[in-house]
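This report concerns only the one structure given below.
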There are 2 protein chains.
Amino acid sequence: MSTDDAEPIKTPLTLKDGVDFAIIEHLFFAYRDFTSDPDAILAEYGFGRAHHRVLHFVNRRPGLTVAELLDVLRITKQSLARVLKQLIDGGYIVQVQGPRDRRQRELYPTEQGRDLALALALPQSRRINAALQEAQLADSAVIERFLRALVNPELRAQMDKLPNGRSEP
Amino acid sequence: MSTDDAEPIKTPLTLKDGVDFAIIEHLFFAYRDFTSDPDAILAEYGFGRAHHRVLHFVNRRPGLTVAELLDVLRITKQSLARVLKQLIDGGYIVQVQGPRDRRQRELYPTEQGRDLALALALPQSRRINAALQEAQLADSAVIERFLRALVNPELRAQMDKLPNGRSEP
DNA sequence: AATTTATGTCAGCCTTGTTGACATATTTTG
DNA sequence: CAAAATATGTCAACAAGGCTGACATAAATT
């Protein structure tokens, strides 16, 4: 398939090749540093990024069911089970039997869980605010619209189910 | 530590709590979908996201050394070794002995490696352009400034070493 | 009464990160 | 020149967090 003497290409891939590589890289570096602050806090608790995600959405939509959480995270129940169990055992999340459908388990944060979620979000919030200022952006609406537009259209409805979205007037 | 009867909290965490959770989530969803297109292509080759990163930066900075690549990716040489070996064996990347320092291995893409890097970047580029349009942004400068500002200051210099950055007039 | 649904759980696998130890070639330094 | 430092490679073991497949239970639906 590949010849024995594959020639090295010495010219860098640039904008001229029809693709904006700078933005692609910026997203990579930005996301990496954006997640680094909560990662450091989580490590103190013996938790990882997966725990953060679960804790975040349970705090953002208290009472959501396991199935709804799986739908938001797009992972399997086996993956969720591991981290959810640890969060429940640690007293960060509690399960309540569904009122109408008793098969369901509604997930709620405890006070402890809320505190941790807030502590994890704080450095991210500060980083975002600093970046908005640095980029001389008065408010975050432009960024939010752009990020939302990056998401697959089918999945955007899901984002609207979360509080303080742009859906209400 | 945690009491036996930890009370479930029923109110959602919102902007009122002093943190812009919407933006935090938008970054999560956006990054996830942003990486999904190349992930699907990579799977056809038996590669993963780690291969993409290596291939990307070797194409963006042909001739960079192993140490430089490790510095950009911020992973250990053992992690890099696995994926780099597969990319070399597959004929996507070639190693050239450093001209001044013969201990160094300069990494270059082959034509095959360049083609794959471009194929992986294409759907991402399309997604970004569509999002810019949708968000009614004439050019990407605002977004790029914001994303760059999210990155730890010490690491920004590294971004300038890549082609078509904002550092040259 | 039978089937479907929501959840939980066991077992095993994969990718991609980690640490620690050690080998080799080459360059730099005293 | 000998010794030390550096760039890279490699072996082994481990962890996190994804995955699939199989099976169990309770509750709702048909």
Side-chain angles (χ1 to χ4, degrees), chain A residues 28 31-32 35-36 38-58 63-90 93-108, chain B residues 28 31-32 35-36 38-58 63-90 93-108:
Chain A
F28 166 65
Y31 194 75
R32 189 174 65 180
T35 52
S36 67
D39 281 356
I41 298 171
L42 288 157
E44 298 169 20
Y45 292 77
F47 290 155
R49 204 175 295 178
H51 300 83
H52 187 185
R53 286 170 181 161
V54 171
L55 195 58
H56 174 93
F57 286 110
V58 169
L64 52 30
T65 65
V66 170
E68 287 169 337
L69 184 53
L70 289 174
D71 201 44
V72 170
L73 296 175
R74 310 230 138 233
I75 58 174
T76 59
K77 61 176 174 177
Q78 296 91 331
S79 280
L80 174 62
R82 267 188 308 230
V83 297
L84 183 55
K85 190 179 186 327
Q86 292 176 281
L87 288 168
I88 290 170
D89 289 351
I93 290 177
V94 286
Q95 285 178 315
V96 174
Q97 197 170 56
R100 38 207 81 197
D101 189 333
R102 289 182 305 173
R103 289 171 304 180
Q104 295 182 333
R105 301 280 177 271
E106 293 184 345
L107 304 171
Y108 293 93
Chain B
F28 167 65
Y31 194 76
R32 188 174 65 179
T35 52
S36 67
D39 281 356
I41 299 170
L42 288 157
E44 298 169 20
Y45 291 78
F47 290 156
R49 204 175 295 177
H51 299 85
H52 187 185
R53 287 172 181 159
V54 171
L55 194 58
H56 174 92
F57 287 109
V58 168
L64 91 179
T65 64
V66 170
E68 286 169 338
L69 184 52
L70 289 176
D71 200 44
V72 170
L73 296 175
R74 311 228 136 235
I75 58 175
T76 58
K77 62 177 175 178
Q78 295 92 330
S79 278
L80 174 62
R82 266 187 310 230
V83 297
L84 182 56
K85 189 178 187 324
Q86 291 176 282
L87 288 167
I88 290 170
D89 290 352
I93 289 176
V94 286
Q95 285 177 315
V96 173
Q97 197 170 59
R100 36 208 81 195
D101 188 334
R102 289 182 305 173
R103 289 171 304 179
Q104 296 182 332
R105 301 282 177 269
E106 292 184 345
L107 303 171
Y108 293 93

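Within every chain, numbering begins at 1; the chains are lettered A, B, ... in the order of the sequence lines, protein sequences first and strands thereafter. All values below come from the heavy atoms of this structure, side chains included, with hydrogens, waters and symmetry mates left out.
- To the nearest 0.5 Å, atom CD of residue Glu106(B) and atom OG1 of residue Thr65(B) are 8.0 Å apart.
- The aromatic rings of Tyr31(B) and Tyr31(A) lie parallel to each other, their planes meeting at an angle below 30°, with 60° marking the opposite boundary.
- Along DNA chain D, the nucleotide nearest to Phe47(A) and the one nearest to Asp101(A) differ in position, and the one closer to the 5' end is contacted by Phe47(A).
- For Arg103(B), counting side-chain heavy atoms from C-beta on, the closest listed nucleotide (dC19(D), dT7(C), dT26(C)) is dT26(C).
- When atom types are taken as modelled, the side chain of Arg32(A) and the backbone of Leu73(B) share a donor-acceptor pair closer than 3.5 angstrom.
- The side chain to side chain contact (heavy atoms under 4.5 Å, CB included) with Lys77(A) is formed by just one residue from the set Val66(A), Leu70(A), Leu84(A); it is Leu70(A).
- The interatomic distance linking Ile88(B) (CD1) with dG9(D) (C1') rounds to 11 Å, in whole Å.
- Regarding Gln86(A), its CD atom lies at a distance of 13 Å from the P atom of dT9(C), rounded to whole Å.
- Distances shown here put a side-chain N or O of Arg53(A) below 4.0 Å from the OP1 or OP2 atom of dG18(D).
- One cannot find a donor-acceptor pair under 3.5 Å joining the base of dT26(C) and the side-chain atoms of Arg102(B).
- Phosphate proximity of dT16(C) to His51(B): present, with a side-chain N or O under 4.0 Å from OP1 or OP2.
- Note: CD (Gln104(A)) to C1' (dT4(C)) measures 14 Å, nearest angstrom.
- Counting non-hydrogen atoms under 4.0 angstrom, Gln95(A) reaches the backbone sugars and phosphates but no base.
- The CD atom of Glu106(A) sits 16 Å away from the P atom of dA27(D) (whole-angstrom rounding).
- Residue Leu80(B) contributes atom CG, which lies 12 Å from atom P of dT16(C) at whole-angstrom precision.
- Atom CZ in Arg82(A) sits 9.0 Å away from atom CD1 in Ile75(A) (nearest 0.5 Å).
- Of the listed nucleotides (dT8(D), dT18(C), dC10(C)), dT18(C) has the atom at the smallest distance from the side chain of Gln78(B).
- Proximity note for Gln97(B) (side chain, C-beta onward) versus dA27(D), dT9(C), dT26(C): the nearest is dT26(C).
- Rounding to whole angstrom units, OH of residue Tyr45(B) and C1' of dC14(C) are separated by 21 Å.
- Ring planes of His56(A) and His52(A): perpendicular class, angle over 60° (limits at 30 and 60°).
- Arg105(A) places its CZ atom 11 Å from the P atom of dA26(D), with the value rounded to the nearest Å.
- Residue Leu84(A) contributes atom CG, which lies 17 Å from atom P of dA6(C) at whole-angstrom precision.
- Contact annotation: Ser79(B) side-chain N/O to dT18(C) OP1/OP2 distance is under 4.0 Å.
- Taking every side-chain heavy atom of Arg82(B) into account, dG17(C) is the closest of dA6(C), dT8(D), dG17(C).
- Sorted by residue number, the members of residues 70-77 of chain A with any non-hydrogen atom under 4.0 Å from DNA chain C read Lys77(A).
- Under the 4.5 Å side-chain criterion, counting only non-hydrogen atoms from C-beta, Gln97(A) is in contact with Arg105(A).
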Audit row: Leu107(A), Gln95(A), side-chain contact (heavy atoms from CB on, under 4.5 Å) steps and yes/no: CA-CA 5 Å; Leu107(A) 304 171; Gln95(A) 285 178 315; 3.5 Å; yes
